[in-house]
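Predicted model only: the values in this text are computed from it and were never measured. Heads up: numbering here begins at 1 and tracks the sequence. All heavy atoms count here, side chains included; hydrogens, waters and symmetry mates do not.
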Amino acid sequence: MKGLFISLLFLLLLPVVIKAQSSLYLVDTLTGTSTSDRIFDAKGIGDINGDGYADFIVSYQRYIDLYYGNPQFKLQPAHRFYCSGAYGIGDVNGDGYADLMLIINDSSYDPVWPYFEIILGGKELDTIPKFTYYPPYHWSMMMSDKVYPLGDLNGDGYNDFAISSPINWTDGIGKVYIFKGGKTLADTPWVILKGSGDFFFGKAVLGIGDYNEDGYDDILISEPADGNTCKVYLYLGNKDSISVTSYKTFGSPTFNYLTEVKPAGSISRDGKKDFIISADNKAFIYLGNNEPVIYNASKLGNGGYVAIGAGGDINNDGYDDFIISNTNHLNSDSIMVGISVGFWGGKSIDLTNEAFRMEGDKKWFEYGKSMDIVGDINGDGYADVFIMQPSYPDFNNPTGKLFIYSYKKIDGINDKGSLLPDSYKLNQNYPNPFNPTTIISYELPTSSKVTLKVFDVLGREITTLIDKEETAGEHKIEFDAAKYKLCSGIYLLRIKGISEDSKTEFMQVVKMLYLK
């Protein structure tokens, strides 16, 4: 009996090996609508309408679509902004809603100078910008989509924000303009930080929390270049001002060829904010102010672009997780498709134990060129993941593709990886009003014979957009009013259909407003 007890005790003391989930579940995909509306990027922006669900933006060639999170995981744009870029800046006016910065091109300048508009979050979206930042500050920059919320740099209770100028046509020196948050926002920068030369200073700007534990949040600014000239600078927050001299510099000899810098939340849950740098085909994972843990991404592929996704708890265990990709990964058939590999956060990090991995679906499409852990879109407690496959018009991927993943399996997924609708529905076209193109979407709970037609207000048919059998799920099509030489006015969109088993018939009409 004593021998049996000892044997049982020995078994209980053995380490428990938990099998990692081999991959995340694909929830949905988004693609560009045409070669002139290619999809470029997608990222989380926080909760802009305060409903408890993470919101996000998707960047196309001509516009930005804003999506609200929702429990059904339904991907329906809430608003379209015609601008060249956007990024989340956190809650800068202290009203409890995340805010959004838009980048607007001003073609009256050559080279093009953008200006910036802040859209304040709220329960009801107000699309009228409340604060606008124009030249003559001479931003004179290329668009940067790697600006993140900064946190509270001066300890006044408001989140601060930045406008980045990595390429400055005025004097060739990159600049980052730091603005104070507050109930009202000033149109002049609080601090201007400058690079050492034309090395893209400000390509990434991100808050990392209180690095030196002095009560003020701190920021990182990247300056990617070649060899020992590439650096990541750490600047310390302060009540009165931020020193123009960096507190610490990351670069050579640790790494020489910088790719990305991203905030990583709290991977080890030690109360400190972490960050990750990708460089030299490696990922340098900085846990607080410790020396980095290094992952060699060359094991995923020979060379390639190494991207990072970080800053959210994918498996809902209380620790933030991270993802590392390599676009040059070869699949089992020796086809270069790209790969993204995930790791769980924890008190200690084990880079030999992958949590999951996903491969691209096409040859040479650089799956994983950019990634984001966007937050909990559907409120199930698990942060969701975006992985991009960029657009390449000269190859077979002219429109780009966004893959949306979740750790938790969501019931009702069709064979294309999309959530099945529970009823027939013709959605309002978007945008509306439109000029000259708009996206029409409709939902089918089962396979159905569908006709989709456009009429004028007198009931005269303009065109038939769809007349065929369609599979269950959501479908989208672009309507171009200019193609039919239409005048401004109201037009009717009608869908009719019958289910595959001929037991359910449906019809719905919506109004569209075309304004030239």
Side-chain angles (χ1 to χ4, degrees), residues 43-50 55 57 64 66 79 81-106 113-141 143-166 168 174-194 202 204-210 215-221 235-244 263:
K43 50 185 172 281
I45 56 171
D47 186 4
I48 199 169
N49 64 338
D55 306 319
I57 54 176
I64 304 290
L66 166 66
H79 189 75
F81 298 97
Y82 285 92
C83 59
S84 60
Y87 53 91
I89 54 176
D91 178 16
V92 299
N93 64 333
D95 63 355
Y97 300 93
D99 305 312
L100 185 65
M101 180 76 80
L102 304 181
I103 309 173
I104 315 293
N105 273 336
D106 187 347
W113 287 358
Y115 62 91
F116 294 78
E117 296 178 340
I118 291 181
I119 300 294
L120 294 178
K123 187 175 182 180
E124 300 294 332
L125 182 65
D126 184 355
T127 59
I128 299 175
K130 299 305 179 186
F131 300 93
T132 303
Y133 300 86
Y134 290 105
Y137 293 120
H138 301 297
W139 311 125
S140 312
M141 65 198 74
M143 309 305 135
S144 174
D145 61 355
K146 302 301 181 186
V147 181
Y148 302 86
L150 304 186
D152 184 6
L153 303 179
N154 63 338
D156 64 354
Y158 294 95
N159 291 321
D160 306 309
F161 62 98
I163 291 176
S164 177
S165 174
N168 192 309
K175 298 180 177 66
V176 174
Y177 302 82
I178 308 293
F179 294 83
K180 289 182 180 180
K183 288 186 177 180
T184 60
L185 303 179
D187 60 359
T188 55
W190 174 45
V191 175
I192 301 175
L193 302 175
K194 300 180 180 180
V205 185
L206 53 138
I208 58 168
D210 187 3
Y216 301 97
D217 287 338
D218 308 312
I219 59 173
L220 290 177
I221 299 177
Y235 293 89
L236 298 181
N238 187 272
K239 180 180 179 181
D240 301 314
S241 186
I242 296 176
S243 172
V244 296

Give, for atom [atom1] of [X] and atom [atom2] of [Y], the distance between the pair rounded to the nearest 0.5 Å.
X    : Y    : atom1 : atom2 : value
D210 : D218 : CG    : CG    : 5.5 Å
I178 : I221 : CD1   : CD1   : 5.5 Å
Y87  : I45  : OH    : CD1   : 13.0 Å
L102 : S84  : CG    : OG    : 9.0 Å
D156 : Y216 : CG    : OH    : 10.0 Å
E124 : T127 : CD    : OG1   : 12.0 Å

Looking only at atom types and distance, does a side-chain atom of [X] sit under 3.5 Å from a main-chain N or O of [Y], one as donor and one as acceptor?
X    : Y    : answer
D152 : N159 : no
S164 : V176 : no
W190 : Y177 : no

For [X] versus [Y], what's the shortest heavy-atom pair and its separation?
X    : Y    : result
G207 : P263 : O-CB, 3.9 Å
E117 : P129 : OE1-CG, 3.2 Å
K123 : Y97  : N-CE2, 3.5 Å
A204 : L206 : CB-CD2, 4.2 Å
P149 : G90  : CG-N, 3.7 Å
L100 : A86  : CD1-CB, 4.2 Å

Would you indicate whether the side-chain heavy atoms of [Y] and [X] approach each other to under 4.5 Å?
X    : Y    : value
Y158 : V92  : no
S243 : Y235 : no
T132 : F116 : no
N154 : N238 : no
I57  : K43  : yes
Y148 : I219 : no
L120 : D126 : no

For side chain to side chain contact (heavy atoms under 4.5 Å, CB included), just list the numbers for L66 and L125, CA-CA rounded to whole Å, side-chain angles, deciding distance to a tenth of an Å, and then say yes or no.
-> CA-CA 11 Å; L66 166 66; L125 182 65; 3.7 Å; yes
Indicate the ring-plane relationship of F179 and F161, choosing parallel, tilted or perpendicular according to the 30° and 60° boundaries.
->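 Judged by the thresholds at 30° and 60°, the geometry between F179 and F161 is parallel.
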Yes or no on side chain to side chain contact (heavy atoms under 4.5 Å, CB included) for I242 and L153, after CA distance, side-chain angles and deciding distance?
-> CA-CA 8 Å; I242 296 176; L153 303 179; 3.7 Å; yes
M101 vs I163, side chain to side chain contact (heavy atoms under 4.5 Å, CB included): CA-CA, chis, key distance, verdict = CA-CA 9 Å; M101 180 76 80; I163 291 176; 4.0 Å; yes
Stepwise side chain to side chain contact (heavy atoms under 4.5 Å, CB included) check, D99 with N93 | CA-CA 8 Å; D99 305 312; N93 64 333; 3.3 Å; yes
